[in-house]
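A short worksheet on the structure shown next.
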Amino acid sequence: MTDDREIRVRFSPSPTGMFHVSTVRTALFNWLYARKEGGAFILRIEDTDLSPSERYYETIVLEGLRWIGIDWDEGTDVGGPLGPYRQSERLELYEKYAKVLTDNGLAYPCYCTEEELRAVREQMLAKGVPPRYSGKCRKLPDNKRRRLETEGRKPAVRFKVGNGSIQVNDFIHGPVTFDAESIGDFIIIRSTGMPAYNFAVVVDDALMKVSLVIRSEDHLANTPRHILLYKALGFDLPQFAHHALLLGPDKTRLSKRHGIAALEVLRAQGYVPEALSNYLAWVGGGLGGTKEVLSRDEMVKAFDLKKAGKKAAVFDQAKLCWMNAAHLRFLPPEEVLGYWLDMGVGRILRDRKRLLEVIPVVIDNVETLKQLEGLLEIFTEKNIAFSMEAEEVLRADHAGKVLTALAAALEPAEAPGSKEAYQDIVKQVEVASGYKGKSLFMPIRAGLSGEMVGPELEKIFCHLDKSTLLHRVDRALSYIATQD
Ligand code: GLU
């Protein structure tokens with residue numbers, strides 16, 4: 001920071017639908033920065049464009065943030081000294097500051113209609129000139145203004161933009177210069193009375209004493225407007241940090257087209273918050289170093305905003321999967337179980353104690369929570385379904401012979417659930433059936449687990465009781481019998 005102001009950052013989403021992972025990443029950068037620097041993290045909701053029926057999107061954002069492990073020091077639900085933290089509850093403030101600007105001759109009412117503005121815009125485009133407001137209402141004589149008022153036209157309020165250049169000293173990009181000329185007078189209050197984003201954001205950031213504005217690069221072009229407003233209102237300028245965007249594998253902005261844009265989607269696919277936050281902070285280089293899988297505390301320590309935002313980050317689901325698998329192995333079984341139960345109804349009926357016992361047995365074999373389902377069933381259900389691959393193995397000629405030998409070896413075994421007992425039984429089956437290697441192990445795996453991938457056979461033996469093992473072999477043999 002260039003000054004000694006208290007460090008205060010904010011995340012200010014406009015909740016208009018699903019919670020986009022790019023937006024989650026911006027929240028995460030703000031949060032990591034605040035926690036690293038010991039500053040305050042504010043959550044402000046930009047909802048002036050929302051209809052009442054869209055209010056529940058705010059809940060989606062809050063819920064999503066909590067899930068991914070982001071907490072906030074000030075916000076709509078927790079309050080704080082500089083609230084309210086929802087823009088729709090701050091309308092008088094925008095009115096008040098817009099009046100300051102109009103009273104000082106720095107803003108003026110604009111009566112142009114949408115159609116008039118569109119027509120001028122099209123003319124400018126046709127002439128090959130970058131479109132901007134013509135300044136028509138700036139010079140409107142008082143009598144004309146009064147006439148439009150009596151006609152009932154509701155004006156918007158426009159800010160007067162002068163000449164010269166405006167410099168943004170960006171924390172990530174360094175100095176970036178904009179030409180004021182190209183901006184044109186812009187709307188600060190719409191004709192509906194609602195503030196425009198460019199205005200509300202300045203009033204809010206200034207009054208909430210935000211010291212560093214961290215947001216995505218697409219807002220860099222808005223920043224000269226913000227700087228002009230800060231200066232016109234006599235507010236202290238914050239610092240700005242515009243981070244690069246998150247892209248899809250085809251290097252275009254990550255969107256629904258890529259099938260992975262929403263936090264909810266990734267959550268439903270079985271990613272855990274520890275891994276997703278780690279991935280979003282890591283992709284693009286924000287965590288530096290050689291260690292990739294980090295706990296939340298390690299992430300806070302390692303986070304470097306300058307590195308995090310410099311280059312465009314390409315979302316790679318295979319890498320996220322890998323990171324998820326790594327985190328799943330680190331997490332205590334209670335937490336894995338909690339996340340897994342959260343994913344679906346009905347699971348709550350399962351035996352919790354048993355699930356906690358078998359999660360460590362299967363965790364090395366999964367990359368996402370979704371894959372856990374089939375593997376846990378191996379240990380929690382008596383009857384298991386055979387996958388297509390398992391059925392194919394069971395249909396092979398020798399499978400019946402192997403499984404009949406297995407049943408015979410299991411019958412007299414007192415407790416097959418040990419490493420030694422397992423090795424002994426397999427040996428007996430090998431001798432009795434005359435098969436070894438894949439021909440021996442594949443039918444056993446298919447019959448006992450119903451899956452051709454999953455935990456090692458030894459683990460399956462060691463975590464199932466004798467009656468279940470026998471029951472499974474019988475079912476597999478019955479299946480084989482129906483295939484003849
Ligand atoms: N509501 C804006 C957005 O979601 C916030 C931009 C900003 O951080 O200033 O893009």
Exercise. Mind checking whether Phe386 and Tyr479 have ring centres under 6.0 Å apart?
Worked result: yes
Exercise. Would one find more than 12 heavy atoms of other residues, nucleotides or ligands at under 6.0 Å from atom CD of Glu381?
Worked result: yes
Exercise. For Val9, does its backbone N or O pair with a side-chain atom of Asn30 as donor and acceptor, under 3.5 Å?
Worked result: no
Exercise. Crowded around Arg352 CZ? As in, over 12 foreign heavy atoms under 6.0 Å?
Worked result: no
For this session: Decide if the gap between the ring center of Tyr57 and the ring center of Phe19 is smaller than 6.0 angstrom.
Result: no
Problem set entry | Note: Asp71-Arg35 ion pair, threshold 4.0 Å (strictly below) | yes
Problem set entry | salt bridge (Lys or Arg N to Asp or Glu O under 4.0 Å) evaluation trace for Lys319 with Glu292 | CA-CA 11 Å; Lys319 182 76 184 185; Glu292 295 182 328; 2.8 Å; yes
Exercise. Taking the six-membered ring for Trp, are Tyr422 and Phe461 parallel (under 30°), tilted (30 to 60°) or perpendicular (over 60°)?
Worked result: tilted
Problem set entry | Sidechain-backbone polar pair: Thr404 side chain, Gly400 backbone, donor-acceptor under 3.5 Å | yes
For this session: For Ser449 and Ala446, indicate whether the former's side chain and the latter's backbone hold a donor-acceptor pair under 3.5 Å.
Result: no
Exercise. Going from NZ on Lys436 to CD on Glu430, what distance comes out if it is rounded to the nearest 0.5 angstrom?
Worked result: 6.0 Å
Problem set entry | N/O donor-acceptor pair under 3.5 Å between Lys459 side chain and Val362 backbone | no
Exercise. Could Arg267 and Glu63 be called an ion pair, given the rule that one side-chain N must be under 4.0 Å from one carboxylate O?
Worked result: yes
Exercise. Side chains of His327 and Asn324: donor-acceptor distance under 3.5 Å anywhere?
Worked result: no
Exercise. Would you find more than 12 non-hydrogen atoms of other residues, nucleotides or ligands less than 6.0 Å from Lys209 atom NZ?
Worked result: no
Problem set entry | Lys/Arg-Asp/Glu bridge criterion (N-O < 4.0 Å) met for Lys466, Glu414 | no
Exercise. Atom CD1 of Ile227 and atom CD1 of Ile166: how far apart are they, to the nearest 0.5 Å?
Worked result: 7.5 Å
Exercise. Looking at Arg296 and Glu298, does any basic side-chain N land under 4.0 Å from a carboxylate oxygen?
Worked result: no
For this session: Please determine if Arg10 and Asp204 form a salt bridge, counting it only when a charged side-chain N lies under 4.0 Å from a carboxylate O.
Result: no
Exercise. Would the His226 and Tyr197 ring centres measure less than 6.0 Å apart?
Worked result: yes
Exercise. Is there a donor-acceptor contact under 3.5 Å from the side chain of Glu58 to the main chain of Arg55?
Worked result: no
Problem set entry | Short side-chain to backbone donor-acceptor contact, His173 and His242, under 3.5 Å | yes
Seminar exercise, completed: So CD1 of Ile45 and CZ of Arg90: to nearest 0.5 Å the spacing works out to 12.5 Å
For this session: Mind running side-chain hydrogen bond (donor to acceptor under 3.5 Å, both in side chains) on Asp47 and Ser88 for me, showing each step along the way?
Result: CA-CA 6 Å; Asp47 63 342; Ser88 58; 2.6 Å; yes
For this session: For Thr252 and Arg257, test the side chains for any donor-to-acceptor distance below 3.5 angstrom and give the result as yes or no.
Result: yes
Exercise. Taking atom types as modelled, is there a side-chain donor on Tyr339 or Glu274 under 3.5 Å from an acceptor on the other?
Worked result: yes
Exercise. Just checking, any donor-acceptor pair under 3.5 angstrom between side chains of Arg253 and Ser255?
Worked result: no
Problem set entry | Lys438, NZ: over 12 other non-hydrogen atoms inside 6.0 angstrom | no
Exercise. Taking atom NZ of Lys256 as the centre, does the number of heavy atoms from other residues, nucleotides or ligands within less than 6.0 Å exceed 12?
Worked result: no
Exercise. If you measure from the Lys or Arg side-chain nitrogens to the Asp or Glu carboxylate oxygens, is any gap between Arg44 and Asp205 under 4.0 Å?
Worked result: yes
Exercise. How many angstroms lie between atom CZ of Arg25 and atom CG of Leu276, to the nearest 0.5 angstrom?
Worked result: 11.5 Å
For this session: Take Trp72 and Trp31 through the side chain to side chain contact (heavy atoms under 4.5 Å, CB included) test and state the conclusion after the steps.
Result: CA-CA 8 Å; Trp72 44 99; Trp31 181 83; over 6 Å; no
Exercise. Does the side chain of Gln317 pick up a donor-acceptor pair with the side chain of Gln269 at under 3.5 Å?
Worked result: yes
For this session: State whether a side-chain donor-acceptor pair under 3.5 Å links Asp297 with Ser295.
Result: no
Problem set entry | Residues Phe29, Phe303; criterion ring pair (Phe, Tyr, Trp, His ring centres under 6.0 Å); working and verdict | CA-CA 8 Å; Phe29 284 1; Phe303 183 66; 5.5 Å; yes
For this session: Would you check if the side chain of Ser211 reaches a backbone N or O of Arg5 as a donor-acceptor pair within less than 3.5 Å?
Result: no
Problem set entry | Ser51 and Glu54 side chains, donor-acceptor separation under 3.5 Å | yes
For this session: Answer yes or no: is there an ion pair linking Arg395 with Glu392, defined by an N-O contact shorter than 4.0 Å?
Result: no
Exercise. Where the side chain of Arg329 meets the backbone of Asp364, is there a donor-acceptor pair that is under 3.5 Å apart?
Worked result: yes
Exercise. Taking all non-hydrogen atoms of both residues, which atom of Pro443 and which atom of Leu403 are closest, and how far apart?
Worked result: O-CD2, 3.8 Å
Exercise. Where do Thr23 and Phe11 land on the side chain to side chain contact (heavy atoms under 4.5 Å, CB included) test, with the steps shown first?
Worked result: CA-CA 9 Å; Thr23 319; Phe11 170 58; 3.6 Å; yes
Exercise. Should Trp340 and Leu355 be marked as a side chain to side chain contact (heavy atoms under 4.5 Å, CB included) after you check the CA-CA gap, both sets of side-chain angles, and the distance that decides it?
Worked result: CA-CA 11 Å; Trp340 183 73; Leu355 287 170; 4.0 Å; yes
For this session: Evaluate side chain to side chain contact (heavy atoms under 4.5 Å, CB included) for Val314 paired with Lys251, printing each intermediate quantity in order.
Result: CA-CA 7 Å; Val314 179; Lys251 307 282 163 65; 3.6 Å; yes
Exercise. Can you tell me if Arg472 uses its side chain to pair, donor with acceptor, with the backbone of Ile378 under 3.5 Å?
Worked result: yes
For this session: Could you tell me whether the side chain of Lys301 and the main chain of Lys36 form a donor-acceptor pair under 3.5 Å?
Result: no
Exercise. Taking the six-membered ring for Trp, are the ring centroids of Phe315 and Tyr279 within less than 6.0 Å of each other?
Worked result: yes
Exercise. Is a side-chain donor-acceptor pair under 3.5 Å present for Glu74 with Tyr85?
Worked result: yes
Exercise. For Asp397, does the CG atom sit with more than 12 other heavy atoms under 6.0 Å from it, leaving out its own atoms?
Worked result: no
